[in-house]
Amino acid sequence: MKPVTIDTLSARKQSGTPITMVTAYDAPTARLLSESGVDIALVGDSLGMVVQGGENTLSVTLEEMLYHTRMVRRGLDGPLLVVDMPFLSYQVSEEEGHRNAGRLIKEGGAQAVKLEGGAEIAGLVHRLTRSMIPVIGHIGMKPQAVHQMGGFKVQGRDLPGREQIIADARALLEAGVFALLLEAIPPSLAREITALSPMPTIGIGAGPETDGQVLVFHDLVGWSPSPLPRFARAFGDVGANARKALSLFREAVSTRNYPSTGESYPEKDSTTPPATRNKSRRKG
Ligand code: KIV
């Protein structure tokens, strides 16, 4: 797949061709995204909930984001690799944020970072983009502000909230973001921001009129541990397939139908070479 760059995404906005973005937390998922032609792979801090089983994303550390970003980097071929800066990795000081963003690029192999926040982080965004670290701004519902918002709630429904989100979008664009991620806001607000923004907007729970859409991998393939939010759609049922495979395995083992002779290694003096799938890992 031809590598997706920031220029590719900007051309998509100009031509009106929707952008696709999906989360990935490991190498096999990164390979699936690459094969399916998705534009952006996001190592989201949602991994704190989806992979680690937490209630929110707040406990995710920079080291954990680095660990998952390296895995995704190894499996990815084509999509742009974007990584979330986790809670408190950029809110304490611009200097710390700058250093941590640099680590995600330098040590993790990410091509861009995503930061939750509006006007209050514009200074940092400006600093990052000036030092050649591309940034996506994340506004609307900001999961790292879950306690401040009193839960995961739709934002921008009243006039002051709406005006604040528009002001945040403008401040981030001015600071140099190459895209805006809009989460859980009314479609009319997403439409307004998409119209005013020269950079692509990518929505999640923001209606159909953004320049692209993003979903969490586990929600999209039907492997989510919890009920889906209103905006998410399961396009497959990986969970059901996995449960079926596990129950077939358990049954085959308990009835001694697995492994068969063909699935067992022959004795040493056999002339038949052992069947191996991956010679470097599974020695005959
Ligand atoms: O962490 C995440 O997965 C996100 C979503 C918006 C996709 O930021």
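Ligands are counted one by one from 1 in listed order, and the atoms in each one are counted from 1 as well. Bear in mind that the values here come from a model prediction, so they are computed numbers and not experimental data.
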Side-chain donor/acceptor pairs under 3.5 Å, residues 194-215, sequence neighbours excluded:
from: Thr194; atom 1: OG1; to: Ala190; atom 2: O; distance (Å): 2.7
from: Thr194; atom 1: OG1; to: Thr201; atom 2: OG1; distance (Å): 2.8
from: Ser197; atom 1: OG; to: Met199; atom 2: N; distance (Å): 3.1
from: Ser197; atom 1: OG; to: Met199; atom 2: O; distance (Å): 2.6
from: Thr201; atom 1: OG1; to: Asp211; atom 2: N; distance (Å): 3.1
from: Thr201; atom 1: OG1; to: Asp211; atom 2: OD2; distance (Å): 3.3
from: Glu209; atom 1: OE1; to: Arg191; atom 2: NE; distance (Å): 3.1
from: Glu209; atom 1: OE2; to: Arg191; atom 2: NE; distance (Å): 3.2
from: Thr210; atom 1: OG1; to: Gly212; atom 2: O; distance (Å): 2.7
from: Thr210; atom 1: OG1; to: Gln213; atom 2: NE2; distance (Å): 3.2
from: Asp211; atom 1: OD2; to: Lys13; atom 2: NZ; distance (Å): 2.8
from: Asp211; atom 1: OD2; to: Thr201; atom 2: N; distance (Å): 2.9
from: Gln213; atom 1: NE2; to: Gly207; atom 2: O; distance (Å): 3.0

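Counting atoms of ligand 1 from 1 in the listed order, those under 4.0 Å from a heavy atom of Asp84 are 1 (O), 2 (C), 8 (O). Each of the following atoms of ligand 1 lies closer than 4.0 Å to a heavy atom of Glu183: 6 (C). Less than 4.0 angstrom separates some heavy atom of Lys114 from each of these atoms of ligand 1: 4 (C), 8 (O). Those atoms of ligand 1 with a heavy atom of Gly44 less than 4.0 angstrom away are 1 (O), 2 (C), 3 (O). Taking a cut-off of under 4.0 Å to the non-hydrogen atoms of Val214, the atoms of ligand 1 that pass are 7 (C).
Atom 2 (C) of ligand 1 has Ser46 OG, 3.3 Å as its closest protein atom, hydrogens excluded (heavy atom only).
Considering Val83, Val177, Val135, Asp84 as possible partners of Lys114, the one that fulfils the side-chain contact (heavy atoms from CB on, under 4.5 Å) test is Asp84.
Residue His138 places a heavy atom less than 4.0 Å from ligand 1.
Every residue two or more places apart in sequence or in another chain was checked for a side-chain contact (heavy atoms from CB on, under 4.5 Å) with Arg250, and none qualifies.
At a heavy-atom cutoff of 4.0 Å, ligand 1 is contacted by both the backbone and the side chain of Asp45. Residue-level proximity to ligand 1 for Leu42 is carried by the side chain, the only part with a heavy atom below 4.0 angstrom.
Heavy-atom neighbours of Glu95 CD from other residues, nucleotides or ligands within 6.0 Å: at or below the threshold of 12.
Of the charged side-chain nitrogens involved, none lies within less than 4.0 Å of a carboxylate oxygen, so that Glu94 and Arg99 do not count as a salt-bridged pair. Between Arg12 and Asp39, at least one side-chain nitrogen of the basic residue sits less than 4.0 Å from a carboxylate oxygen of the acidic one, meeting the salt-bridge criterion.
Inclusion of Thr23 in the set of residues having an N or O under 3.5 Å from an N or O of ligand 1 is not warranted.
Classification of the His218-Trp223 ring pair by plane angle, with boundaries at 30° and 60°, yields parallel.
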